[in-house]
Amino acid sequence: MQKIQQPDIDAFAGHLKELGKSASTIESYTRDARRFHKYLTVNRSSDIDARHLIAYQEYLRSKNEKENSIRRSVIGIRQFFRYLSEASPVHMDSPFDEIPIPTRLDSHPLYLVEENIEDLFQACDQNGSPLKTSRDRAILALLAFEGMKASELIGCDWSYFLTRRDGKGSLHVRGERNRTIELHEETTHYLLDYRKHCEALAPGFRKKMFISFKGRDAALPLPTMSRHGLKFMLSELAHTTKLRKLNSELLRYFAISRLSKAGRTNAEIMAHLGLKRLGNIAKVHNRNGGQAHL
């Protein structure tokens, strides 16, 4: 791959903005790209290959960078070079796609099993009104059974959800990987139950699928859910079930494991979750016999 230039980094930032990435993600990825560009310039590296990223990781360790910080840098650099390869008029593979992402160090390792998910659904009954309970169950099903990302879930409209005469449901998922997925029977059931409760609300609440709540005992419903609202909901469920932590990524890994155990092929799982590469699936298969262990 040819030597990178500052305009490439500027174009990368514009590309991330077009994809709808957050300002913090854009700033982080472009900072990683600039730091790597500076490292290559100082070391007079022109023909870039996998060895440069491996050496760069060792360089960061020599500067006492934390392992999780190095991991984030590798992710940002891989995304930058993936962009360069796809934007090139002559197709070129990224030199870093085969370099594994360093393992994240977590002071509280956690994996989710079926019993955890059952406990979480039961916890939904303890945290509010029938409206909030039905919403929390629908969200949990989309995260744990369908593997949706937080950003995809928050952006859902009711118009994306369709049911057929046979009772089966499908959902159009909009985001970086637009797709339409067939929903698990339980997910369809929880969405229908939640929609029934939503139909009693004012018209302004009926477009976006997931509403939020404010005030003591979730007394005040709000028309749209924010990232903070989703994070608070998962924190609330984690507290009730005594889980040390719970987030959408953990539930997404559980969904991969669950789909795999149900006999879905890697290609089917990738299509369902909107994955472009096998990396996340391989992580699940290689840990604890397929359980989602982070």
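Quantities reported herein were computed from a predicted structural model and do not represent experimental measurements.
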Quick one, [X] and [Y] - any side-chain contact, counting heavy atoms below 4.5 Å?
X      : Y      : value
Tyr56  : Ile77  : yes
Phe213 : Met233 : no
Thr30  : Phe12  : yes
Leu16  : Phe80  : no
Leu273 : Ile256 : yes
Cys124 : Leu237 : yes
Leu171 : Met209 : yes
Leu84  : Ser94  : no

Apply salt bridge (Lys or Arg N to Asp or Glu O under 4.0 Å) to [X] and list each qualifying residue two or more places apart in sequence or on a separate chain.
X      : result
Glu27  : Arg31
Arg264 : Glu268
Arg35  : Glu65
Arg78  : none

Side-chain ion pair, Arg61 and Glu58, N-O less than 4.0 Å: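 Yes, this pair counts.
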Between Lys242 and Asp119, is the closest basic N to carboxylate O distance under 4.0 Å?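 Not counted as a salt bridge, because no side-chain N and carboxylate O are separated by less than 4.0 Å.
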Which residues pass the side-chain contact (heavy atoms from CB on, under 4.5 Å) test with [X], not counting sequence neighbours?
X      : value
Leu222 : Ser212, Lys214, Leu220
Glu182 : Arg164, Ser170
Phe232 : Glu236
Arg72  : Asn68, Ser69

Both conditions, 6.0 Å and 45 degrees, for the charged tip of Arg258 above the ring of Phe145: are they met here?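 Yes; both conditions hold, so Arg258 lies above the ring face of Phe145.
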With [X], which residues qualify under ring pair (Phe, Tyr, Trp, His ring centres under 6.0 Å), at least two apart?
X      : answer
His197 : none
His272 : none
Tyr29  : none

Decide yes or no on side chain to side chain contact (heavy atoms under 4.5 Å, CB included) for Asn116 and Phe254, but give the supporting numbers first. CA-CA 10 Å; Asn116 297 131; Phe254 175 82; over 6 Å; no
Salt bridge (Lys or Arg N to Asp or Glu O under 4.0 Å) partner of Asp157, chosen from Arg174, Arg195, Lys208: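 When salt bridge (Lys or Arg N to Asp or Glu O under 4.0 Å) is applied between Asp157 and each of Arg174, Arg195, Lys208, only Lys208 qualifies.
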Among residues two or more places apart or on two chains, list those pairs meeting side-chain hydrogen bond (donor to acceptor under 3.5 Å, both in side chains) that have a residue in residues 221-230.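 Those involving residues 221-230 do not exist here.
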Do Ile101 and Phe96 share a hydrophobic cluster, counting only Ile, Leu, Val, Met, Phe, Trp and Tyr and linking them when any side-chain heavy atoms are less than 4.5 Å apart?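 Same cluster.
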Give a yes or no on whether [X] atom [atom1] has more than 12 heavy-atom contacts from other residues, nucleotides or ligands under 6.0 Å away.
X      : atom1 : value
Arg51  : CZ    : no
His172 : NE2   : yes
Phe121 : CZ    : yes

Given Trp158 and Tyr194, is the ring pair (Phe, Tyr, Trp, His ring centres under 6.0 Å) satisfied, shown in steps? CA-CA 11 Å; Trp158 276 116; Tyr194 172 51; 5.5 Å; yes
By the definition side chain to side chain contact (heavy atoms under 4.5 Å, CB included), identify the one residue from Leu140, Asp136, Leu143 that meets it with Leu120.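 One option only clears the test, and that one is Leu140.
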